[in-house]
Number of protein chains: 2
Amino acid sequence: MTQQRMVILEELRNVDSHPSADEVYAMVRKRLPRVSLGTIYRNLEILSKSGEIRRIDSGGNLKRFDGNADDHYHIRCLRCDRLVDAFIELGLDIDEQLKGATDFLVFGHRLEFVGLCPRCQPATAEPSSLTNEEPS
Amino acid sequence: MTQQRMVILEELRNVDSHPSADEVYAMVRKRLPRVSLGTIYRNLEILSKSGEIRRIDSGGNLKRFDGNADDHYHIRCLRCDRLVDAFIELGLDIDEQLKGATDFLVFGHRLEFVGLCPRCQPATAEPSSLTNEEPS
DNA sequence: GTCTGTGCAAAAAGTTTGCAGCCGA
DNA sequence: TCGGCTGCAAACTTTTTGCACAGAC
C-alpha cells in the first residue's frame, strides 16, 4: 500500500460524488502534486479488483468510481450527469425473474436510474428532449 | 433518408447481435464499400435520436446499437461480452420504488443483466474471476 | 440550385502501456 | 535488497469534427 494508493482511497471515501478518473486525479494532485494520471488509473483498477472501491460502468461516457463498495444503486441526472446514491431495496429478486427465460447463467445485474436532479428540474420538464437511449 | 442511412438501418434490423459502431461499419461496408466510419457514427446518432434504433449505453467499453427499438432488457456475457435480448417483464414497477427515496424526478432506469452465456459456461464457473464491478 | 449528407483525414477524449528509476516491506 | 510501484511519455481505442465535394430533392 503506497502513499499514492492510500491517498486515492482516502479521497474517494471522503466524497459522495462518484468522480471520474480525471476528477480523482485532480483531487489527489492537491495532496501529491507529482502524481501521474497513469498511477491513478492503475490504482483505481487495483482497488476495484480488490473490492475496496467500486467501478461504475453503467451509462455515460466515462467510468466513475465509488468509495462506498457496499451494494447500492445510483440515479443519474440526464442534464448535468451527476450521479447520486439511491439506497433502496427492490421489492423482489429481479435476477430470479430471469431464470427460465434465458440460457445464461445469471450472476447479477447492473441497474441505474435516470431522471432530473433537483438543481436541474426548474430548467427542464421535457423528458423527451433528454433521453433517446436505452430503457426508460 | 440517404442510401447509407437506409443500409445501416437495414443491417441493424437484420441481426440480433447488438453490434458496436465498428461492427456496423464492417456490415455496411460489404454493401457500400466506400462508406466512411464518420458516416456510420453520424447516422447511428441520428437514427437513435429519431427512435428508429436504440443506443445501448450500459456496461462495457463501447456502445452497442439495437435495431429493435422496443423496450426490452439485455444480458451480457462477462466472458465474451456478447449481448443477448432478455424479454422479461419485471413483476413490479421498479421506478415506483424510488419515489419518496430521492429528490430526483425519476424518468426511468437502465438495467442490464450479467452472467455467462451457454458457450462460455463450460469454460468458467468462477464468478469472482470475472466481475469486480458494479452491482452483482 | 440548394442544402443536407458524404468521404476523408485530423483531432479529441479517455485509457493503457513500456520503460527506467525509486520506494517500501 | 529486490520486486513492485511510480512518473513520464508515447501509443491505442473509440468517437467527434472540419472541410470540400457529391447527391438528393
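Here is how names work: the chains are called A, B, and so on, in the same order as the sequence lines, proteins then strands, and each is numbered from 1. For the numbers below, each heavy atom of this structure counts, side chains included, while hydrogens, waters and symmetry mates do not.
Whole-Å rounding puts the B:Ile40 CD1 to C:dG7 C1' distance at 12 Å. When rounded to the nearest whole Å, the span between OH of B:Tyr25 and P of D:dT15 equals 14 Å. Rounding to whole angstrom units, CG of residue A:Leu62 and P of D:dT14 are separated by 16 Å. Taking atom CZ on B:Arg29 and atom P on C:dT6, their separation rounds to 16 Å, with Å as the unit. In this structure, A:Leu44 places its CG atom 13 Å from C1' of C:dG14, rounding to the nearest Å. Between the C1' atom of C:dG14 and the CZ atom of A:Arg55 lies a distance of 12 Å, rounded to the nearest Å. In this entry the distance linking CD1 of A:Ile56 with P of C:dT15 reads 13 Å, nearest Å. Between the CD1 atom of B:Ile46 and the P atom of C:dT6 there is a distance of 7 Å, rounded to whole Å.
A donor N or O paired with an acceptor N or O is not found under 3.5 Å between the base of D:dG4 and the side-chain atoms of A:Arg42.
When each of C:dC8, C:dT16, D:dG7 is scored by its nearest atom to the side-chain atoms of A:Arg34, the top-ranked nucleotide is D:dG7. Listed nucleotides D:dT6, C:dT6, C:dG14 differ in distance to B:Thr39; the shortest reach to its side chain belongs to C:dT6. Listed candidates were C:dT6, C:dT15, D:dT6. Nearest to the side chain of B:Thr2 is C:dT6.
Nearer the 5' end of DNA chain D, as judged by each residue's closest nucleotide, is the contact made by A:Asn43, out of A:Asn43 and A:Gly38. Each of A:Leu37 and A:Met1 has a nearest nucleotide on DNA chain C; the 5'-most of these lies closest to A:Leu37.
Using a cut-off of 4.0 Å between Lys/Arg side-chain N and Asp/Glu carboxylate O, A:Arg42 and A:Glu45 are scored as not salt-bridged. Ion pairing of A:Glu10 with A:Arg31 is present here, as a side-chain N (NZ or NE/NH1/NH2) and a carboxylate O approach within less than 4.0 Å. Note on A:Arg54 versus A:Asp70: no salt bridge recorded, every NZ/NE/NH1/NH2 to OD/OE distance being 4.0 Å or above. A salt bridge between B:Glu23 and B:Arg64 is absent, with no side-chain N of the basic residue lying under 4.0 Å from a carboxylate O of the acidic one.
Looking at heavy-atom distances under 4.0 Å, B:Asp22 makes no contact with the nucleic acid at all. The residue A:Arg5 sits close only to the backbone: its heavy atoms come under 4.0 Å of sugar-phosphate atoms, none of a base. B:Gln4 comes within 4.0 angstrom of sugar-phosphate atoms only, judged by non-hydrogen atoms across all strands, and of no base.
Applying the 4.0 Å criterion to OP1 and OP2 of D:dT15, one finds that B:Tyr41 has a side-chain N or O inside that range.
Residues A:Ile56 and A:Phe65 are not in side-chain contact: their nearest non-hydrogen atoms beyond the backbone lie 4.5 Å or more apart.
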